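Here the structure is laid out as structure tokens; the discussion comes afterwards.
Given the structure is predicted, the values throughout are model-derived calculations rather than measurements. Excluded from the calculations below are hydrogen atoms, water molecules and symmetry mates; all remaining heavy atoms, backbone and side chain alike, are included.
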Amino acid sequence: MNGHCNFLGFVALAWVGATPTLAQTVPVTQASTATSATASIPDFTGMWNHPAFPWFEPPATGPGPVTNKVRWPRVFGSLPEAGTLALPPLKDGDGISDYDQLVGDYTNPILQPWAAEVVKKFGEMSLAGITYGNPSNQCWPEPPPFIYKQALVLILQQPDTITMVYSGNMDVRRVRMNQPHKDTPALYGDSVGHYEGDTLVIDTVGIRTDRPYAMIDLFGTPYTKALHMVERYRLRGYDDVKDAIERNKKENWLFAGDVFSGHRGKFLQLELTIEDKGVFTTPWTSTLTYVPGPSTWPEVVCAENPHQYYYDGSDTDVPRADKPDF
């Protein structure tokens with residue numbers, strides 16, 4: 001597989017039992033609005049899960065993300081606990097994304113010619129049986145939007161800060177609320193947020209490009225310093241998200257089974273817009289639909305043994321320091 005980490009056990013979080021229910025609202029002051037009055041906003045705090053590889057749910061209409069040209073020729077797994085519940089393929093190669101061969105669709109019109117060539121070369125490597133390095137399988141930090149590969153996210157919501165902790169490599173994003181952007185590029189970019197009614201809006205710019213494995217997805221799609229992300233998070237009911245669930249099942253491998261279709265509580269849906277004038281010909285959109293996650297937080301260590309983690313016999317290129325940080 002491409003970029004899995006080792007699950008070593010589970011550690012209960014003391015705060016889980018004390019968190020409010022998803023339907024509860026929390027009064028906060030929205031200093032950035034004209035009214036600047038105390039408003040009631042949805043409570044996004046908790047663990048949320050989107051177990052799907054790759055991860056983007058294509059939009060119903062309009063430009064969407066790069067997807068896999070190689071499809072599994074059958075439904076991968078016949079039971080919910082064994083894999084996906086995607087519709088049976090109409091012909092060989094017409095199934096869900098083949099996670100063992102990551103061949104990005106370089107003909108997607110969102111890609112500028114030079115970016116299409118980058119994606120094509122990564123795909124040729126995958127077809128040749130080469131598992132190329134990416135932030136996940138090399139245990140490097142995973143800036144957004146690559147960070148969505150980590151299915152489980154813990155959201156801690158405070159009036160002035162939103163903290164997002166992702167399970168796979170313990171990546172942490174911090175969203176400053178109602179603040180202007182900083183000019184200095186950062187590893188995870190500069191994310192600022194505000195509320196628009198029932199929606200948490202996060203605007204991210206300044207994601208560093210001078211780093212190893214700088215890509216936005218498993219297909220090696222590049223990005224430049226012009227990358228701009230807007231995330232819109234809402235708590236929604238099943239009827240509001242069922243179309244996105246169906247698109248997810250037809251596109252992605254649901255490696256934990258279909259945890260979405262039978263859920264009738266609250267969903268957390270992310271509506272994502274990405275633009276990068278250095279890479280893409282147009283802005284494009286996607287959704288990611290989350291269900292409530294487990295009540296315990298998985299303890300994960302990436303590349304505990306780098307000699308056995310990578311797939312071609314070489315060592316994993318884990319981050320190293322020439323001298324101690326203390």
Side-chain angles (χ1 to χ4, degrees), residues 1-6 49-59 64-72 76 83-84 86 93 95-108 110-111 115-153 166-169 171 188 207 209 211-223 227 229 247-256 270 272 274 276 279-280 284-288 300 302-303 309-312 316-318:
M1 289 302 172
N2 296 277
H4 287 287
C5 293
N6 300 315
N49 196 23
H50 183 266
F53 283 153
W55 48 88
F56 292 123
E57 300 162 2
V66 173
T67 55
N68 200 347
K69 287 177 67 70
V70 179
R71 321 298 289 188
W72 265 310
F76 190 83
T84 183
I96 60 171
S97 173
D98 184 344
Y99 192 61
D100 291 322
Q101 290 189 310
L102 300 172
V103 184
D105 184 3
Y106 52 85
T107 66
N108 189 323
I110 68 169
L111 294 172
E117 283 300 312
V118 171
V119 173
K120 182 178 180 181
K121 289 179 180 179
F122 276 116
E124 290 170 349
M125 293 172 65
S126 189
L127 287 174
I130 300 171
T131 302
Y132 50 81
N134 64 53
S136 177
N137 65 27
Q138 300 300 295
C139 296
W140 279 79
E142 302 176 23
F146 194 98
I147 192 61
Y148 302 136
K149 179 183 185 296
Q150 307 304 337
L152 189 62
V153 58
Y166 296 84
S167 62
N169 198 16
D171 292 89
Y188 295 92
I207 300 174
T209 58
R211 59 180 307 275
Y213 315 108
M215 57 185 69
I216 71 168
D217 56 30
L218 285 170
F219 308 115
T221 305
Y223 67 90
L227 177 62
M229 293 175 43
R247 295 196 301 273
N248 189 29
K249 291 194 295 183
K250 293 177 182 179
E251 178 61 34
N252 296 317
W253 170 35
L254 307 187
F255 58 87
L270 160 60
L272 175 69
I274 287 183
D276 186 337
V279 173
F280 303 117
W284 54 271
T285 63
S286 174
T287 55
L288 285 92
V300 180
C302 197
Y309 186 78
Y310 199 29
Y311 310 98
D312 64 357
T316 302
D317 184 23
V318 295

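Between F56 and L288, the closest side-chain pair of non-hydrogen atoms falls below 4.5 Å. Residues D105 and L111 have side chains not in contact (no heavy-atom distance under 4.5 Å, counting atoms from C-beta outward). Residues V66 and I110 are in side-chain contact: their nearest non-hydrogen atoms beyond the backbone lie under 4.5 Å apart. Side-chain contact between Y213 and Q138 is present, with at least one heavy-atom pair separated by less than 4.5 Å. Two residues are said to be in side-chain contact when any heavy atoms from C-beta on lie closer than 4.5 Å; F219 and S126 fail this criterion. You'll find the side chain of P54 stays beyond 4.5 Å of the side chain of E251, heavy atoms only. For the pair S97 and W253, the minimum side-chain heavy-atom distance is 4.5 Å or more.
When every heavy atom of P135 is checked against every heavy atom of E142, the shortest pair comes out as CB-CG, 3.8 Å. The minimum heavy-atom distance linking M215 with N134 is given by the pair SD-CB, 3.7 Å. Closest non-hydrogen pair, V318 versus C139, comes out as CG1-CB, 4.0 Å. Scanning all heavy atoms of the two residues, the minimum distance from Y188 to P141 falls at OH-CB, 3.5 Å. Between V118 and P222 the shortest heavy-atom distance is CG1-CD, 4.1 Å.
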Q: Applying side-chain contact (heavy atoms from CB on, under 4.5 Å), run through D98 and V103 and close with a yes or a no.
A: CA-CA 9 Å; D98 184 344; V103 184; over 6 Å; no

Q. Are I207 and M229 close enough, and set up right, to give a side-chain contact (heavy atoms from CB on, under 4.5 Å), and what steps lead you there?
A. CA-CA 10 Å; I207 300 174; M229 293 175 43; 4.2 Å; yes

Q) side-chain contact (heavy atoms from CB on, under 4.5 Å) between Q150 and S136: does it pass, once the steps are laid out? A) CA-CA 9 Å; Q150 307 304 337; S136 177; 4.3 Å; yes

Q: Applying side-chain contact (heavy atoms from CB on, under 4.5 Å), run through T67 and N108 and close with a yes or a no.
A: CA-CA 8 Å; T67 55; N108 189 323; 5.6 Å; no

Q | Audit row: F146, W55, ring pair (Phe, Tyr, Trp, His ring centres under 6.0 Å) steps and yes/no | A | CA-CA 9 Å; F146 194 98; W55 48 88; 5.5 Å; yes

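For the residue pair E57 and T287, a side-chain donor N or O sits within less than 3.5 Å of a side-chain acceptor on the partner.
With rounding to the nearest 0.5 angstrom, the OG atom of S167 is 8.0 Å from the CG atom of N49. To the nearest 0.5 Å, atoms OG1 (T285) and CG (L272) are separated by 8.0 Å. Interatomic distance, OH of Y223 versus CD1 of I216, reported as 9.5 Å (0.5 Å rounding). To the nearest 0.5 Å, the span separating OH on Y148 from OG on S286 amounts to 9.0 Å.
In terms of the side-chain contact (heavy atoms from CB on, under 4.5 Å) criterion, residue partners of A52 (sequence neighbours excluded) are, by chain and number, H50, N248, N252, L254.
Only one option out of T131, L218, D317 pairs with N137 in a side chain to side chain contact (heavy atoms under 4.5 Å, CB included); it is T131.
Note that K69 lies in the cation-pi zone of Y106, set by a 6.0 Å cut-off to the ring centre and a 45° limit from the axis.
F122 and Y132 have tilted rings, their planes meeting at an angle from 30° to 60° on a 0 to 90° scale. Ring geometry for F53 versus Y99: interplanar angle under 30°, hence parallel rather than tilted (30 to 60°).
Under the 3.5 Å distance criterion, the side-chain polar atoms of D217 are matched with a main-chain donor or acceptor of T221.
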